[in-house]
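Whatever order the structure lists them in is the order used to number ligands and atoms, beginning at 1. Model, not experiment: these values are computed from the prediction. Count residues from 1 along the sequence.
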Amino acid sequence: MSARKVDYLLIGGGLASANCARWLREEGAEGEVLLVGREPDAPYNRPECSKGYLRGEESREEPLFRPAEWWGEQGIELLTRTSVTGLDLDTRTAKLSSKEEVEFKQALVATGANVRRLNVEGCELEEIHYLRTLGNADAIRESVRDAESVVLIGGSYIGCEVAASMTMLGKQATIVMQEQKTLERGFGREAGRFVQELLEAHGVTVHGQDELERFAGDGRVAKVVTRNGLELDAEAVVIGAGVSPDIQLAQRAGLEIGEQGGVRCSSRLQSTAEGMFAAGDMCEYESSMHGGHVRIEHWDVAFNQGKTAALNMLGRDLAHEVVPYFYSVLGDWGELEYVGPAKDWDEEILRGSYDDGEFTTWYLKEGSVKAALTFGRSDDLEHARRLIVDGVALDEHKRGALADVDWDLEDVK
Ligand SMILES: Cc1cc2nc3c(=O)[nH]c(=O)nc-3n(C[C@H](O)[C@H](O)[C@H](O)COP(=O)(O)OP(=O)(O)OC[C@H]3O[C@@H](n4cnc5c(N)ncnc54)[C@H](O)[C@@H]3O)c2cc1C
């Protein structure tokens, strides 16, 4: 079978690919654009899987990146339920699971991430779930329909968001996690304590400094047994134990893999092969802002990197310099927003108050802001972005200004 030819091959049916396709067309790309994704759905916004869509408040269409007809209107060919099974960088040819071969001029590899699976005793029991796709969200909603107790394994944002959604559905949600406080790995102990108390105030039970030992049940899960000896009733379980970048295809093709397990890219998001770009959860890019290569699993990063990759495919020669933004919605109880990320920091400054439920935490390293988390003070984030990009050195006076809600952050420069 002779290979068909396209100008732009976008591999992966997630947000990074979808936004790359969009920007190729918005910026005037005239050639053939083919987007190949293995899921049954057209590209969609994955965050809804733990929020409104999980709770049954949204239709299957609402999370979609664009309505079904948009792809045809844009002249973008969308192949769903199709995997790219091999890539030959010398001949610039991709093999598809449909057995078709596609020759391309430039490609984006945006294969995202896979959930980290926990292989403990009883893990094969029914009603134990992971959450990555709309299909997973459907299965969880079905599984908890008549359930009273749902156990979440993991105290990161998936565990917290699903616990909030389950509570809103009238279930007793219990989190089991290794951390002392929810979300503390990303945001520190104090902000973590705030989130945990918010969850607990709405009825979520949290067991920290513990971990999953095994599941028990007859055919379907009935109990979660923890290392500390707890035996928790569980009619359904959702595991949020992190993800790992899906680099299988890229690695087999010979693209270099970085220290953080992603496809190593330049600041322009080009991989080690000319004309082969990467974006989203599996892209490890060089960032002057972060002082080295970083790989970040946020919705907004996938979105913006898709755009940068598209512009660079069109020869714009742009470094990806958007300050990474993250948000997490806890039911209808509030939203966390964050810019950064700071992997480690040596000082936290609080503006506002955890007790009042309105605050911004500034994360500093060696005297300058590396990240900021806010709850109810979104306007502070613009200043955080500026302080991070400019690397402003903060003396005692400026530190005081960051801490004091009566100070105009405009003056901190
Ligand atoms: C439940 C949930 C809630 C989230 N909530 C938030 C949030 O509130 N805030 C936030 O900032 N981030 C959130 N995220 C993270 C965010 O959704 C991801 O960072 C983002 O989806 C990454 O986009 P991506 O395009 O890189 O990868 P993905 O969305 O993973 O898309 C990659 C796609 O490529 C497909 N694929 C893989 N290999 C192949 C292949 N060989 N051939 C064809 N297709 C392939 C995959 O099946 C997948 O569909 C959430 C994630 C989940 C799972």
Side-chain angles (χ1 to χ4, degrees), residues 9-21 34-54 63 65 78-87 94-98 102 107-116 129-137 140 152 154 156-162 164-165 183 186 238-253 262-263 269 278-285 295-307 309 324-330 335-341:
L9 173 66
L10 312 182
I11 304 168
L15 187 68
S17 268
N19 207 33
C20 181
L34 172 64
L35 191 156
V36 183
R38 69 176 167 214
E39 288 189 55
D41 297 278
Y44 57 89
N45 292 308
R46 221 168 273 291
E48 295 316 308
C49 295
S50 51
K51 307 177 182 71
Y53 185 79
L54 178 63
F65 174 76
L78 176 63
L79 285 181
T80 53
R81 298 178 193 271
T82 310
S83 294
V84 174
T85 54
L87 270 180
K95 282 203 173 91
L96 310 190
S97 52
S98 59
V102 180
L108 176 79
V109 189
T111 45
N114 294 318
V115 296
R116 203 164 72 77
H129 302 272
Y130 291 85
L131 179 53
R132 186 77 193 165
T133 64
L134 289 174
N136 297 149
I140 294 168
L152 297 316
S156 188
Y157 76 91
I158 295 282
C160 293
E161 289 193 355
V162 176
S165 287
L183 293 173
V238 180
I239 301 175
V243 295
S244 51
D246 187 339
I247 50 161
Q248 281 185 33
L249 179 73
Q251 200 164 25
R252 271 191 278 120
V263 168
L269 309 185
D281 283 3
M282 45 76 76
C283 168
E284 191 168 319
Y285 72 108
R295 191 180 66 75
I296 301 168
E297 296 151 1
H298 299 347
W299 177 91
D300 183 70
V301 174
F303 184 79
N304 285 306
Q305 288 188 340
K307 178 178 177 183
Y325 167 81
F326 170 78
Y327 70 99
S328 178
V329 184
L330 297 166
E335 180 178 7
L336 293 157
E337 293 177 278
Y338 177 78
V339 292

Asker: Look at the aromatic rings of Phe326 and Tyr157 and report parallel, tilted or perpendicular, splitting at 30° and 60°.
Answerer: perpendicular
Asker: If you measure from atom 15 (C) of ligand 1 to every heavy atom of Tyr338, Phe326, Tyr157, which option wins on shortest distance?
Answerer: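 Minimum heavy-atom distance to atom 15 (C) of ligand 1 goes to Tyr157.
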Asker: Under 4.5 Å between any side-chain heavy atoms of Tyr327 and Pro47, yes or no?
Answerer: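 SC-SC contact between Tyr327 and Pro47 confirmed.
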Asker: Is there a polar contact, in the sense of an N or O pair closer than 3.5 Å, between Ser328 and ligand 1?
Answerer: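 Between Ser328 and ligand 1, no N or O pair is found under 3.5 Å apart.
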Asker: Under 3.5 Å, is there a donor-acceptor pair linking the side chains of Ser328 and Glu161?
Answerer: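 The criterion, which ignores hydrogens and geometry beyond distance, is satisfied for Glu161 and Ser328.
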Asker: Under 3.5 Å, N or O to N or O, is Val84 touching ligand 1 that way?
Answerer: yes
Asker: I want to know if ligand 1 touches Glu39 in the polar sense, i.e. an N/O pair below 3.5 angstrom.
Answerer: yes
Asker: Hey, looking at atom 6 (C) of ligand 1, which of Pro47, Gly112, Gly240, Ala113 has the closest heavy atom?
Answerer: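 It is Pro47 whose heavy atom sits nearest to atom 6 (C) of ligand 1.
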Asker: Counting each atom of ligand 1 from 1 as listed, which ones have a heavy atom of Glu297 under 4.0 Å away?
Answerer: 19 (O)
Asker: Check whether any side-chain heavy atom of Ile140 lies under 4.5 Å from a side-chain heavy atom of Leu131, and answer yes or no.
Answerer: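 Yes, close enough: below the 4.5 Å cut-off.
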Asker: Considering Ser50, Ala302, Cys49, which one's heavy-atom position lies nearest to atom 23 (O) of ligand 1?
Answerer: Ala302
Asker: Hey, which atoms in ligand 1 end up nearer than 4.0 Å to a heavy atom of Ala16?
Answerer: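 In order of number, 25 (O).
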Asker: So how far is it from Ser83 OG to Leu96 CG, rounded to the nearest 0.5 Å?
Answerer: 9.0 Å
Asker: Do Leu15 and Asn45 touch side chain to side chain, with heavy atoms closer than 4.5 Å?
Answerer: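 Side-chain contact under 4.5 Å: yes.
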Asker: Which residue supplies the protein heavy atom nearest to atom 9 (N) of ligand 1, what is that atom called, and how far is it?
Answerer: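 Here the closest protein heavy atom is Tyr327 O, 2.8 Å.
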Asker: At less than 4.0 angstrom from any non-hydrogen atom of Thr82, what atoms of ligand 1 do you find?
Answerer: 43 (C)
Asker: Pick, from Arg46, Lys51, Arg38, the option with the minimum heavy-atom distance to atom 47 (O) of ligand 1.
Answerer: Arg38
Asker: Does ligand 1 have a heavy atom under 4.0 Å from the side chain of Asp246, from its backbone, from both, or from neither?
Answerer: side chain
Asker: Which residue and non-hydrogen atom of the protein lie closest to atom 20 (C) of ligand 1, and at what distance in Å?
Answerer: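 Ranked first by proximity to atom 20 (C) of ligand 1 is Asp281 OD1, 4.0 Å.
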Asker: Which of the atoms in ligand 1, numbered in the order shown and given with their element, are less than 4.0 Å from a heavy-atom of Trp299?
Answerer: 10 (C), 11 (O), 12 (N), 16 (C), 19 (O)
Asker: Could you check atom 30 (O) of ligand 1 against the protein and tell me its nearest heavy-atom contact, residue, atom and distance included?
Answerer: Arg132 NH2, 2.7 Å
Asker: Enumerate the atoms of ligand 1 whose separation from the nearest heavy atom of Gly280 is less than 4.0 angstrom.
Answerer: 26 (O)
Asker: Decide, yes or no, whether a salt bridge links Lys307 with Asp300 under the criterion of side-chain N to carboxylate O below 4.0 Å.
Answerer: no
Asker: Hey, mind stepping through Arg46 and Glu48 against salt bridge (Lys or Arg N to Asp or Glu O under 4.0 Å) and telling me if it holds?
Answerer: CA-CA 5 Å; Arg46 221 168 273 291; Glu48 295 316 308; over 6 Å; no
Asker: When you compare the side chain of Leu79 with that of Leu34, does any pair of heavy atoms fall below 4.5 Å?
Answerer: yes
Asker: Within a strict 4.5 Å, meaning less than it, do heavy atoms of the Cys20 and Leu108 side chains meet?
Answerer: yes
Asker: Which residue and non-hydrogen atom of the protein lie closest to atom 52 (C) of ligand 1, and at what distance in Å?
Answerer: Ile158 CD1, 3.9 Å
Asker: Would you say ligand 1 has an N or O under 3.5 Å from any N or O of Leu249?
Answerer: no
Asker: Ignoring hydrogens and geometry beyond distance, is a side-chain donor-acceptor pair present between Tyr325 and Glu337 at under 3.5 Å?
Answerer: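 Yes, Glu337 and Tyr325 have a side-chain donor paired with an acceptor closer than 3.5 Å.
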Asker: Examine Ser83 against ligand 1 and note whether any of their N/O atoms are separated by less than 3.5 Å.
Answerer: no
Asker: May I ask whether Gln305 places a heavy atom under 4.0 Å from ligand 1?
Answerer: no
Asker: Is there side-chain contact between Val36 and Ile11, with at least one heavy-atom pair below 4.5 Å?
Answerer: no
Asker: Pairs of nitrogen or oxygen atoms closer than 3.5 Å, one from Leu131 and one from ligand 1: do any exist?
Answerer: no
Asker: Can you tell me the protein heavy atom closest to atom 38 (N) of ligand 1 and the distance?
Answerer: Thr111 CG2, 3.3 Å
Asker: Arg81 and side-chain contact (heavy atoms from CB on, under 4.5 Å): which single residue from Pro40, Ser97, Ser98 fits?
Answerer: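 For Arg81, the side-chain contact (heavy atoms from CB on, under 4.5 Å) test succeeds with only one of Pro40, Ser97, Ser98, which is Pro40.
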Asker: Which of the numbered atoms in ligand 1 are under 4.0 angstrom from any heavy atom belonging to Val36?
Answerer: 43 (C), 44 (N)
Asker: Nearest 0.5 Å, please: how far is CG in Asn136 from OG in Ser50?
Answerer: 11.5 Å
Asker: Do Arg116 and Asp246 pass the salt bridge (Lys or Arg N to Asp or Glu O under 4.0 Å) test, and can you show the C-alpha distance, the side-chain angles, and the key distance before you say yes or no?
Answerer: CA-CA 11 Å; Arg116 203 164 72 77; Asp246 187 339; over 6 Å; no
Asker: I'd like to check which ligand 1 atoms, numbered from 1 as shown, lie under 4.0 Å from a non-hydrogen atom of Glu161.
Answerer: 8 (O)
Asker: Give the atom numbers and elements of ligand 1 that come within less than 4.0 Å of a heavy atom of Gly12.
Answerer: 34 (O), 35 (C), 44 (N), 45 (C)
